[in-house]
Protein chains: 2
Amino acid sequence: MAKAPKAQFSIGEVAQTSGVKVPTIRYYEEIGLLPSPPRTDGGRRAYGAEDMRRLAFIRHARELGFEIDAIRTLLRLQDEPDQSCAAADAIARDRLMEVERRIASLTALKAELERMVEGCSHGHVGECRVIEILADHGECRFHEGPAEPAAFGQ
Amino acid sequence: MAKAPKAQFSIGEVAQTSGVKVPTIRYYEEIGLLPSPPRTDGGRRAYGAEDMRRLAFIRHARELGFEIDAIRTLLRLQDEPDQSCAAADAIARDRLMEVERRIASLTALKAELERMVEGCSHGHVGECRVIEILADHGECRFHEGPAEPAAFGQ
DNA sequence: CTAATTCCTCCAGCGACTAGAGGAGCAAGC
DNA sequence: GCTTGCTCCTCTAGTCGCTGGAGGAATTAG
C-alpha cells in the first residue's frame, strides 16, 4: 500500500488556497512555525496536504488575533491529542479577556472621538473642538490607568 | 521687559510630568515631532513650558490612537489657528470610523472566542473545541472579507 | 526556442517605540 | 577636594509580524 503519490503543491498554490502570501509562508518556515517542506529537483518547495492543514490552522488563529507564540503552543498541543486541553483553553481564555479589554477601551475611545467630532463647529482651527480637546487633557473623559500605556490605538 | 527667566525642565522632569518615557521623548525629537530644545552647558536638553504643552498634546493624541503622521498634521494645524479646521475634523472622523470598524471586528471575534471557550469540555486535546475550531475554518462564524487582512488582532 | 511567469535567497524596511552599552555631567555628603 | 550615585548623553540593535525589492535560476506556454 505504498501508493497514493501524495499531491504536491507549489508555494504559489498554497498561498492562493490558504490566503497567506508567499513571503509570509516562507517567513513562517523561517521562524519554525511551518516545517521545511521537501524540495523538487530544481530546489522549489513542494508542500503536502498536511502542510496545507497546518497553514490553515495558523491563518485562522492569526485571524483571531493569537500571537505567533501562542500559535506555536497550540500547534504543539494539536500534535499530541491525548494531553489535557487545559493549556489550549487557557490560551483562548486569555485571548478572550484581552479582546474584551480592547473592546472596552475602544468604546471609551469612541465616545471621546464622538465628543470631539460633534463639538466641532467647522469654523477655523482657533476654536476647533478637536484641537482643543487634544490640547487639554483635563477636558477629556477618556482616562485610563497607566497599566497598559501603549495598548490604546490598536 | 526681558525678565521672566523661563522655567527650564530636564528631560527626566518632562517625562515624569507628561507620562512619556525619556527615550520616547528623544525619539519624538528625532522624528521631528518635538522641536530640538536648547541645551545646557553640559549638553543636556532644557525644555520650556511650550514643549511641555506640545508633548501633552502628542501624548493625548497617541492615547486616542492617532498615528504619528496624523499628529504631525494636527500639530501643524494647531500652529495656524486661522485656518479652517476641516482637516482636523477629517482626521478625527477617520479615526472614529476606524475605531468603529475595530469594535465591530472585535465583537465578532469575541463571539467566536466565546464559542470556543464555552464549547471546551476540558477533556483532552483530541476533542478540544478550541483546537477543533482553529483547525476547521469552515466551522467558524467569524469571517471577514479580504479587505484588511492584518487588522484583526489589534 | 524564446518569453513570461514563478520560484529562489538575501537583505532592508515598516511603526512606534524599547533596551542596552559605554561614557560624561552633576548634586550631595564626607 | 573626593567619592558615590543618579541622571543624562549618543549610538546601536531589537521588538512583532510581516512586506517589498534586487538579482538570479527554473519552469511553463506558445
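Nothing here was measured: the structure is a model prediction, and the numbers come from that model. Per chain, numbering begins at 1; letters A, B, ... match sequence-line order.
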Taken to the nearest whole Å, CD1/B:I11 to C1'/D:dC9 is 10 Å
With sequence neighbours excluded, residues passing side-chain hydrogen bond (donor to acceptor under 3.5 Å, both in side chains) with A:D51: none
Distance in angstrom units between A:I71 CD1 and D:dC18 C1', rounded: 13 Å
Once side-chain hydrogen bond (donor to acceptor under 3.5 Å, both in side chains) is applied, do any residues pair with A:E67, and if so which ones, sequence neighbours excluded? none
Rounded to whole Å, how long is the line connecting atom CG of A:L34 with atom C1' of D:dG17? 15 Å
Using whole Å, report how far NZ of A:K21 lies from C1' of D:dT19. 7 Å
Say you draw a straight line from OH of B:Y28 to CZ of B:R59; how long is it, rounded to the nearest 0.5 Å? 9.5 Å
Of the residues in residues 37-48 of chain A, which ones touch DNA chain C at a heavy-atom distance under 4.0 Å? A:R39, A:G43, A:R44, A:R45
Taking only the side-chain nitrogens and oxygens of A:S10, find out if one of them lies under 4.0 Å from OP1 or OP2 of C:dC7. yes
So, with a heavy-atom separation below 4.0 Å from DNA chain C, the residues of residues 25-33 of chain B are B:Y27, B:Y28
For B:T107, the side chain to side chain contact (heavy atoms under 4.5 Å, CB included) test, sequence neighbours excluded, returns A:I103, B:I103
How do A:D69 and B:V22 order along DNA chain D: which one's closest nucleotide is nearer the 5' end? B:V22
What is the separation between atom CD on A:Q16 and atom C1' on C:dT6, rounded to the nearest whole Å? 12 Å
For B:Q16, which residues count as a side chain to side chain contact (heavy atoms under 4.5 Å, CB included) partner, sequence neighbours excluded? none
Check the distance between C:dC26's P and B:Q8's CD and give it to me in whole angstrom. 13 Å
A:T24 side chain N/O closer than 4.0 Å to the phosphate oxygens (OP1, OP2) of D:dT19? yes
With a 3.5 Å cut-off and sequence neighbours excluded, list the donor-acceptor pairs that the side chains of residues 68-78 of chain A form with protein atoms.
unit_1, atom_1, unit_2, atom_2, d
A:R72, NH1, A:I31, O, 2.8
A:T73, OG1, A:D69, O, 3.2

So which pairs with a foot in residues 30-42 of chain B pass side chain to side chain donor-acceptor pair (under 3.5 Å), sequence neighbours left out? B:E29-B:S36
Residue pair B:I131 / A:F57: nearest heavy atoms and the distance that separates them: O-CE1, 3.7 Å
Which residues share a side-chain hydrogen bond (donor to acceptor under 3.5 Å, both in side chains) with B:R26, sequence neighbours left out: none
